[in-house]
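So the structure is just underneath, and the comments pick up after that.
Bear in mind the structure is a predicted one, so any value in this text is a computation, not a measurement. Residue numbers start from 1 in every chain, and the chains themselves are labelled A, B, ... in the order their sequence lines are given, proteins ahead of strands.
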Protein chains: 2
Amino acid sequence: MEAKPKRATIRQVAAATGLSPAAVSYALRGLQVSSETQERVRRVASEMGYEADPIARALRGGTTGMVAVLAGSLSDFWTQGLTHALQRELRAVDRHTVVADADGVPGRELELARRLVDHRVDGLIVSPVGPSSGDWRAIAERVPVVTIGDALPGVATVGEVVFDNDTGVADTLAHLSSLGHRRIAVLSWSLATAPGRRAERAVERAGVELGIRCALVPCAYSLNGSAPLALELLAGADRPTAVFCLSDSIAYGVYAACAELGLRIPGDVAVAGFDDHPISRLLSPPLTTTDWDCGAVARSAVEFLVSALDGGGAVQRRVMAPQLRVRSSTVPG
Amino acid sequence: MEAKPKRATIRQVAAATGLSPAAVSYALRGLQVSSETQERVRRVASEMGYEADPIARALRGGTTGMVAVLAGSLSDFWTQGLTHALQRELRAVDRHTVVADADGVPGRELELARRLVDHRVDGLIVSPVGPSSGDWRAIAERVPVVTIGDALPGVATVGEVVFDNDTGVADTLAHLSSLGHRRIAVLSWSLATAPGRRAERAVERAGVELGIRCALVPCAYSLNGSAPLALELLAGADRPTAVFCLSDSIAYGVYAACAELGLRIPGDVAVAGFDDHPISRLLSPPLTTTDWDCGAVARSAVEFLVSALDGGGAVQRRVMAPQLRVRSSTVPG
DNA sequence: TTGAAAGCGGTACCAG
DNA sequence: CTGGTACCGCTTTCAA
């Protein structure tokens, strides 16, 4: 169709300088050759607009300078924010970033990871949808992997940032319990895709300890996904007195449902979220939720990855402590 | 460090089947060879877990099956949503997607585009930060490019989805004017990076026509960026009676500022946004804003790109019509 | 229908 | 210090 403007190759630069391709390759990377020819080659190369083709280099076995961030679901607002934060951090250390979105399907996450590794990304930061979904081992053997949120059991990752969900869940339920709530619905997106996640187990445990009735309800990610479900839940006869959403995005859907049903928060139902997305503060009433320090998560994940890329040794690990932000969605202001 | 498990190569499959690499290559793509050997090769290949290395294929000049989405700024909530919608649409047509984030810097956008093209993405969907930032021509010559939001002048893109900002801005300002507002602050993120965008020119024109005073204020993307600015703006002596934000994210920052200053919306200041992000409906008061039908934008963009990849001819273009959603942030409910 | 061989654009090993 | 050259893994003429 169009005339493709071929880019300059190393052989052309070699011809232009009267050197061999090998010499040019060395010169441009500051190896072997005299600093004099190095200079000359650099000049000619930039005049010709030459830059090494990353694909050719990758095929040979080198690196691409590209790191992949694999998001479990970009429907989720907090995940969107985390992704953005990761890109920022990676750029700060001069790594280019590509993002891929598994859209909530664990199998897809693994497939994307494979594809990205095939494309020779230098490293992978992944927030798994479900912990045990398939053969991550092979991936981790080919490229450094840092996980966020759920460790991959039995896989040799180079770093993990995990959330202390047990404490986070327990704190929230204790808070609700102390306000007198005994019938609490817990909405979680991960139930459907990965039953048995730690957060859910924590819910059950805390429920028993506190002597309250927690009904776990599987739920679509995202506002639009959770609103219909919440509508049904809250319109029913045996309406819970509080709803605990394992993601702020889900809580927004509950807000929408309450608005539609004319229910007052927290008078008719108390609502708690779980990520502290920036918008949660702005809602009316502001949403009680749990802050994990998104910025710190991103910083650690990138730090772990970079140190592995630089040849660092031991696997690194950081446990994020939850910070319950009590706002008016549970406690009337 | 670790033992890298080498993946199977075409030569190994060739050896295993007693054929030549060429025959295997053909067989796997259903070309030339007899359907009998085709079958046999397929079986052996899948047994060995063989899959063609996309990098080698790309180097040879083929395609990668990967499309890149280049976002102007993932700080912006609406852009985040658009990105997600694009991924969904692309997956629906079996294209894999990678996302890159220019984070509001036009120059970075171009650099990322170059890098992605170097990595042999098959196509590019880009929502430009600023229209005239550098040499997009060379990019568009190597790979099909679809733009969203701002066409790239003089560049041979294969498709464009543009917003009728003129009408959108005029409608909003007319709405505010009809409510009696005469001193309106217009917050725009693009002023700083790309002065002279159409939206801004539209503001000036509409201001003149309606006989109202519009003060254009450059503004950071995102809630956290706009809040301090809004604080300053609204705490000043000559406070505007209405604020028109050229992105919902910015409006959220204005909400935050109003909350801090104890200003009532719309009593003390009316606020209007410009994207209709799903959350805008949920705020108190719900935000008056302009809907562009994000889903339709994504569908068209992907349709344009796919038709170009399939060899389609003429450049395609769609103009999105604005839909003003009047809510209580301008008209008390 | 199948096979041999020449690339795609670099890099790294080996002589010189 | 520099130049030849054999790869990396796949595709695609061109012959057989």
Side-chain angles (χ1 to χ4, degrees), chain A residues 4-42 44-45 48-66 114-115 117-122 142-143, chain B residues 4-42 44-45 48-66 114-115 117-122 142-143:
Chain A
K4 308 271 176 185
K6 293 273 175 213
R7 59 190 286 162
T9 75
I10 200 170
R11 277 172 246 272
Q12 290 169 19
V13 178
T17 51
L19 292 175
S20 75
V24 173
S25 175
Y26 286 133
L28 290 174
R29 287 175 301 157
L31 265 42
Q32 312 262 1
V33 300
S34 70
S35 60
E36 187 189 333
T37 37
Q38 212 170 106
E39 186 62 29
R40 189 163 54 94
V41 172
R42 283 245 164 69
V44 174
M48 303 178 60
Y50 170 80
E51 262 191 281
D53 182 335
I55 266 17
R57 180 177 283 165
L59 181 60
R60 187 61 182 77
T63 63
T64 54
M66 195 150 262
R114 246 189 234 116
R115 192 163 304 264
V117 171
D118 280 352
H119 276 269
R120 308 292 200 277
V121 295
D122 294 340
R142 298 187 61 80
V143 85
Chain B
K4 307 270 176 186
K6 292 273 175 215
R7 59 188 287 161
T9 76
I10 201 171
R11 274 175 254 271
Q12 289 169 20
V13 179
T17 52
L19 293 173
S20 75
V24 173
S25 174
Y26 287 134
L28 289 175
R29 287 174 302 155
L31 264 43
Q32 314 260 3
V33 301
S34 71
S35 61
E36 187 188 334
T37 36
Q38 213 172 104
E39 185 62 28
R40 189 165 54 95
V41 172
R42 283 244 165 73
V44 173
M48 303 178 59
Y50 169 80
E51 263 192 280
D53 182 337
I55 266 14
R57 180 177 282 165
L59 180 60
R60 185 57 183 75
T63 61
T64 53
M66 196 150 262
R114 244 189 235 116
R115 191 162 303 263
V117 170
D118 279 352
H119 276 270
R120 308 290 200 280
V121 294
D122 295 340
R142 297 187 61 81
V143 87

Degree of bending, the helix from dT1(C)-dA16(D) to dG16(C)-dC1(D) (end axes from five pairs; round to 10°): 50°

Heavy-atom closest pair, residues Thr9(B) and Tyr50(B): C-CE1, 3.5 Å

Heavy-atom donor-acceptor pair, Arg11(A) side-chain to dG9(C) base, under 3.5 Å: yes

Value in whole Å for how far the P atom of dT11(D) lies from CG of Leu59(A): 12 Å

Phosphate-side-chain proximity, Ser34(A) and dT2(D), N/O vs OP1/OP2 below 4.0 Å: yes

Spacing between Arg40(A) atom CZ and dT2(D) atom P, to the nearest angstrom: 9 Å

Sugar-phosphate only, base, or nothing, as touched by Leu19(B) at under 4.0 Å among non-hydrogen atoms: sugar-phosphate

Over all atoms of both residues, closest heavy-atom pair of Asp122(A) and Gly65(A): OD2-N, 2.6 Å

Presence of Ser25(B) side-chain N/O under 4.0 Å of dT11(D) phosphate oxygens OP1/OP2: yes

Which residue lies more 5' along DNA chain D, comparing Pro21(A) with Ser35(A) via nearest heavy atoms: Ser35(A)

Approximate separation, where rounding is to 0.5 Å, of Met48(B) CE and Gln12(B) CD: 5.0 Å

Selected nucleotide, minimal atom distance to Ser20(B) side chain, candidates dC10(D), dG3(D), dA4(C): dA4(C)

Short side-chain N/O contact from Thr37(B) to OP1 or OP2 of dT2(C), under 4.0 Å: yes

Taking N or O atoms only and anything under 3.5 Å, show me the protein contacts with nucleotides 13-16 of chain D, one pair per line.
none

Contacts of type salt bridge (Lys or Arg N to Asp or Glu O under 4.0 Å), residue Arg120(A), not counting sequence neighbours: Asp53(B)

For atom CE of Met48(A) and atom C1' of dG9(C), their distance in whole Å: 14 Å

Shortest side-chain distance from Arg29(B), nucleotide among dG3(D), dT12(D), dG10(C): dT12(D)

Point-to-point distance, once rounded to the nearest 0.5 Å, from CG of Leu28(A) to CD of Glu51(A): 10.0 Å

Minimal non-hydrogen separation, Arg29(B) against Ser25(B), with atom names: NH2-OG, 2.9 Å

Sugar-phosphate only, base, or nothing, as touched by Glu51(A) at under 4.0 Å among non-hydrogen atoms: sugar-phosphate

Gap between atoms CD and P, on Gln38(B) and dT2(C) respectively (whole Å): 10 Å

Below 4.0 Å: OP1/OP2 of dG9(C) and any side-chain N or O of Arg60(A): no

Length of the line joining Gln12(B):CD and dG9(D):C1', which is rounded to integer Å: 11 Å

Gap between atom CD1 of Ile55(A) and atom CZ of Arg60(B) - 0.5 Å precision: 15.5 Å

Interatomic spacing from CE in Met66(B) to NE2 in His119(B) - rounded to 0.5 Å: 11.5 Å

Integer-rounded Å distance: dG7(C) C1' and Ile10(A) CD1: 16 Å

Asp53(A) CG - dT11(C) P separation (whole Å): 10 Å

N or O in side chain of Arg120(A) less than 4.0 angstrom from dC8(D) OP1/OP2: no

Length of the CG-P vector between Leu31(B) and dT12(D), whole Å: 8 Å

